[in-house]
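Report on one structure; see the data block that follows.
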Amino acid sequence: MAGVTVRLPDGSTKEFEPGTSALQFAQSIGPRLAKAAVAATFDGEPVDLSRTLPDGAEVTVVTATTPLGREILRHSTAHVLAQAVLRLWPGAHFAIGPVIEDGFYYDFELPGGVHFTDDDLDRIATEMRAIMAEDQPFVRHEHSIAEGLELFGDQPFKREIIEAVGAGQDEVDVAAEGAGEHGVSTYWNSPAFTDLCRGPHVPSTGALGHFALMRVAGAYWRGDEKRQQLQRVYGTAWETDEAVAEHLHRLAEAEKRDHRKLGVELDLFSFPHELGGGLAVWHPKGGIVRKLMEDYSRERHAAGGYEFVVTPHLANANLFETSGHLGFYKDGMYPPMEMDNGTYYPKPMNCPIHCLIYASRQRSYRELPLRLFELGTVYRYERAGTLHGLMRIRGFTQDDSHIYCTEDQLQEEIGSLLDFVMSVLTAFGFTEFTANLSTKDPDKYVGSDEIWDKATDALRLALDHSGLPYETKEGDAAFYGPKIDIDVRDAIGRTWQLSTIQCDFNHPERFGLEYVGADNARHRPIMLHRALFGSIERFFAILVEHYAGALPAWLSPEQVRVLGVRNDHQGYAEEVAAGLRGRGVRVSVDPADEPLNARIRRAKLEKLPYILVVGDDDVAAGTVGVNRRGGERPERGVPLVDFTAALQREIDERIVPEPVADA
RNA sequence: GCCGGUGUAGCUCAGUUGGCAGAGCAGACGAUUUGUAAUCGUCAGGUCGUGGGUUCAAUUCCCACCGCCGGCUCCA
């Protein structure tokens, strides 16, 4: 009988007996590889190590230290989690247990409506370790839909997943759970535990063990708020205990740069209990940063051909009826105020009011594109559970603009907007951008299909021209038009959605906006909504986290602190400070009432860009000792004029430091 | 809004199986005068998130509410 020939990743081929398993294949290459293997791929398709080699396939061995290998570890660990919960809570129903970034979760419904508490995590982990010690195999089986339904007769969620296939729903979703058009696949671990799953899995539970259960949470079945809430357990799993520890360490590091923590430590802002949930106050040090951000924004907008407008915080309900927001977002708006001549709402967005400015008089095509810009403060009633520091609050300020242009101008306007956005964000130290194109939500939109297609095409074309990498998110658009969202990557690799450019044919129509064209006829303008920071509060929070509080010199609340070695250097220290202050530098003097080291430490903890130490030598020579943030060692005897010139340049040119991953 | 956790001094946290509430840092005052990440001492600082209830007695036990934290849902 002829053997099977497979290709290796290096391009070579190798022949095997028919029936050779992927594990045997790995062993033939080396015992170390076989030991490290968690799964294999046949022509790129992940499979169990027990699978037999198909003739002609390209075969790779998946080890636990690769991204795919970790996914498999995590998925298998999730199965063990489910088995442990079913052992500890007999009669529990289990739902889905997918892999997520850096970990996994599994959703359950416990008998009698019981909820998990944090204390349960230890019990579950102990049971999981017992299952791992039992070294149960993961044995794959294929079943028909009918068999699957019978197998999971007492598991309503599993049945629902299997039934969804029959109904042709959510194919992508359920495929990962092991249900497909032609049947279902399951993994058998022990007589007491079989799970619906596409696989692949590690050969046995003994191959697992480096995991941690993180937390419990409630989560709606199938992500639907109207359906029942299940009990979710989150966990993480890695190839070694060291890798688990490193992961936990990374989480701790990320926590150190949490803007809410740094906001207290650096005295930037707070959320006074007495003020109410989701409402922030900016302290002087946060306030100056915000002012600098706003000043820079205004400067760039002025240069970019924008005109500045100001609108009130309240608006008549009729306005939001006209715009359509009340219809779609009433629940997200602050409750109305009844006043003698009508009903008023705190504005949740600025666009309808900008439309009123446009409509205040007749417009000519010569005025277009008309770019109205405002740092507009809006109020949204965010649900209590969604509030999150400055990232998600109930009152915030948008760097908002509405651009009214002709159809002919649309394409160019979008293109130059993309350039403008990235240019401004770059000044704050963000250099890696990606984009998303959101298209019409078929269940939530206004306007004709034709107009949506036109707008979507314009955005797509602009993105293609820009060279920005982007993905298309079907159905993610706002109700009034498609949009481009721009994401940035921060110092520790997280991505944040910042800017948005939204194309809107609907507001102009609803507000009856017109311009007189060169043909002396009336035409309808197109409107672009756009924000670069999105919300100033949120952008500030992202900046703080990106820099771990060590903001670039041009944005630092205090840029320089001068320390005299002894009190008799105080006069010179004041002189140095006064000179810098005269050039607009934010500087203070910390007198020698305390030892130098204590004052240096304090300034370091406050993350100042520069500490100047001045002593006898400096007084004599007109120099300063420069202790630069992030610098290796301080520099002695720098001529004051040199330091001043270099600092001035750093500030004027808005030089941004390389953000460091270690907070 | 839903699930879990949590709330003690400005900050970080001890503590009380129900019996007058503690530390470090920060703050004030005094001493110290210091060349690159913590000088010493003294003092002050709290209705133990809020409101009810049980009790001779509640920061502690029970109930409700509020805030915050982690998720879910939502995010114009």
Side-chain angles (χ1 to χ4, degrees), chain A residues 105 107 113 115-121 214-234 255 258 260-261 264-265 267 270-278 320 323-333 347-352 378 380-389 391-392 398 400 444 476-481 483 497 500 502 504 507 529 531 534-535 538 563-570 591-605 611-618 624-628 631 633-637:
Chain A
Y105 66 79
D107 287 346
H115 295 149
F116 287 129
T117 70
D118 285 358
D119 297 336
D120 293 327
L121 290 177
M214 307 297 289
R215 56 181 60 93
V216 299
Y220 299 105
W221 169 232
R222 280 168 117 50
D224 185 346
E225 195 179 9
K226 293 185 187 65
R227 304 196 62 171
Q228 75 198 97
Q229 193 165 45
L230 304 177
Q231 294 295 303
R232 176 172 296 180
V233 178
Y234 283 94
E255 214 170 290
D258 189 310
R260 293 165 300 187
K261 187 177 159 66
V264 175
E265 287 173 6
D267 197 13
S270 62
F271 290 89
H273 196 280
E274 302 86 334
L275 188 58
F320 301 117
S323 71
H325 285 96
L326 259 179
F328 286 100
Y329 294 110
K330 192 168 194 295
D331 291 345
M333 290 166 66
K347 66 174 171 181
M349 81 303 297
N350 305 298
C351 30
V378 298
R380 296 181 183 176
Y381 183 73
E382 303 285 1
R383 296 205 280 182
T386 65
L387 299 172
H388 182 92
M391 299 277 189
R392 190 89 182 263
Q398 297 176 310
D400 204 4
K444 188 172 154 188
D476 253 19
F479 71 88
Y480 49 69
K483 63 174 178 173
Q497 184 188 309
T500 185
Q502 307 175 349
D504 182 1
H507 271 86
H529 305 236
S535 134
R538 181 164 175 277
L563 313 178
V565 173
R566 291 187 314 272
N567 263 351
D568 47 326
H569 304 125
Q570 179 72 4
D593 300 332
E594 289 168 281
L596 183 61
N597 276 344
R599 289 176 286 150
I600 289 172
R601 178 180 148 82
R602 181 162 52 234
K604 288 288 184 191
L605 291 175
I611 301 164
L612 300 184
V613 174
V614 296
D616 293 335
D617 303 347
D618 300 294
V624 292
V626 180
N627 187 327
R628 173 196 295 268
R633 55 177 53 199
E635 206 180 336
R636 289 279 296 271

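Worth knowing before you read on, the calculation uses all heavy atoms, side chains too, and leaves out hydrogens, waters and symmetry mates. Letters A, B, ... mirror the listed sequences (proteins, then strands); counts begin at 1.
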Checklist line | Nearest-Å distance once atom C1' is located in both B/G15 and B/G22 | finding: 7 Å
Margin query: Does any part of the side chain of A/Asn627, heavy atoms only, come nearer than 4.5 Å to the side chain of A/Leu612, both counted from C-beta?
Written below: no
Notebook entry, point to check: Does any non-hydrogen side-chain atom of A/Gln502 lie less than 4.5 Å from one of A/Asp504?
Noted result: no
Margin query: Given 3.5 Å as the limit, does a donor-acceptor pair link the side chain of A/His569 with the main chain of A/Asp616, or not?
Written below: yes
Notebook entry, point to check: Under 4.0 Å between a Lys/Arg side-chain N and an Asp/Glu carboxylate O for A/Asp224 and A/Arg222?
Noted result: no
Check: Who passes side-chain hydrogen bond (donor to acceptor under 3.5 Å, both in side chains) against A/Asp617, sequence neighbours left out?
Finding: A/Arg636
Notebook entry, point to check: Any side-chain heavy atom of A/Val565 within less than 4.5 Å of one from A/Val614?
Noted result: no
Note to self: Under the rule for side chain to side chain contact (heavy atoms under 4.5 Å, CB included), what residues qualify as partners of A/Ala603, not counting sequence neighbours?
What the structure shows: A/Arg561, A/Ile611
Next item on the list: Figure out the CG/P separation between A/Leu563 and B/U33, and round it to whole Å.
Entry: 18 Å
For nucleotides 10-12 of chain B, tabulate all protein N/O to nucleotide N/O atom pairs closer than 3.5 Å, reporting atom names and distance.
none

Check: Taking the same atom, P, in B/G46 and in B/C11, what whole-Å distance lies between them?
Finding: 13 Å
Check: Taking the same atom, P, in B/A14 and in B/G49, what whole-Å distance lies between them?
Finding: 14 Å
Margin query: Taking only the P atom of each, what is the distance from B/U60 to B/C68 in whole angstrom?
Written below: 23 Å
Margin query: If you define the side chain from C-beta out and look only at heavy atoms, does anything of A/Met349 sit under 4.5 Å from A/Tyr329?
Written below: no
Next item on the list: Please list, chain by chain and in numerical order, all residues satisfying side-chain hydrogen bond (donor to acceptor under 3.5 Å, both in side chains) with A/Asp400, sequence neighbours excluded.
Entry: A/Asn350
Item checked: A/Phe116: side chain to side chain contact (heavy atoms under 4.5 Å, CB included) partners, not counting sequence neighbours -> A/Val85, A/Trp89, A/Phe108, A/Leu110, A/Asp120, A/Ile124, A/Val216, A/Gln231, A/Val233
Notebook entry, point to check: So what is the 5' to 3' dot-bracket string for RNA chain B, if pairs are Watson-Crick or G-U wobble with both distances under 3.5 Å, crossing pairs use [ ] and | means the partner sits on another strand?
Noted result: (((((((..((((.....[..)))).(((((.......))))).....(((((..]....))))))))))))....
Notebook entry, point to check: Given the P atoms of B/G30 and B/G67, what is the spacing between them in whole Å?
Noted result: 44 Å
Notebook entry, point to check: Looking only at atom P, what distance separates B/G52 and B/U59, rounded to whole Å?
Noted result: 12 Å
Notebook entry, point to check: What orientation do A/His325 and A/Phe479 show, parallel under 30°, tilted 30 to 60°, or perpendicular over 60°?
Noted result: perpendicular
Notebook entry, point to check: Listed by chain and number, what are the side chain to side chain contact (heavy atoms under 4.5 Å, CB included) partners of A/Asp331, not counting sequence neighbours?
Noted result: none
Next item on the list: For the residue pair A/Glu594 and A/Arg602, establish whether any side-chain heavy-atom pair is separated by less than 4.5 Å.
Entry: yes
Note to self: With rounding to the closest Å, how many angstrom separate the C1' atoms on B/G53 and B/A44?
What the structure shows: 36 Å
Checklist line | Pairing residues for A/Glu382 by the side chain to side chain contact (heavy atoms under 4.5 Å, CB included) criterion, not counting sequence neighbours | finding: A/Arg380, A/Thr386, A/Leu387, A/Arg392, A/Arg394
Checklist line | Pairwise P distance for B/U36 and B/G24, with rounding to whole Å | finding: 29 Å
Note to self: If you define the side chain from C-beta out and look only at heavy atoms, does anything of A/Phe328 sit under 4.5 Å from A/Lys444?
What the structure shows: yes
Next item on the list: Assign a letter to each nucleotide of nucleotides 67-76 of chain B from its 5' end: B, base within under 4.0 Å of a protein heavy atom; S, sugar-phosphate only; -, no contact.
Entry: SSSBBBBBBB
Checklist line | Set of ring pair (Phe, Tyr, Trp, His ring centres under 6.0 Å) partners for A/Tyr234, sequence neighbours left out | finding: A/Tyr105
Restricting to nitrogen or oxygen on both sides, can you table the protein-nucleotides 44-47 of chain B pairs closer than 3.5 Å?
none

Margin query: What does the B/S/- profile of nucleotides 35-42 of chain B look like, 5' to 3', with a 4.0 Å heavy-atom cutoff to protein?
Written below: BBBBB---
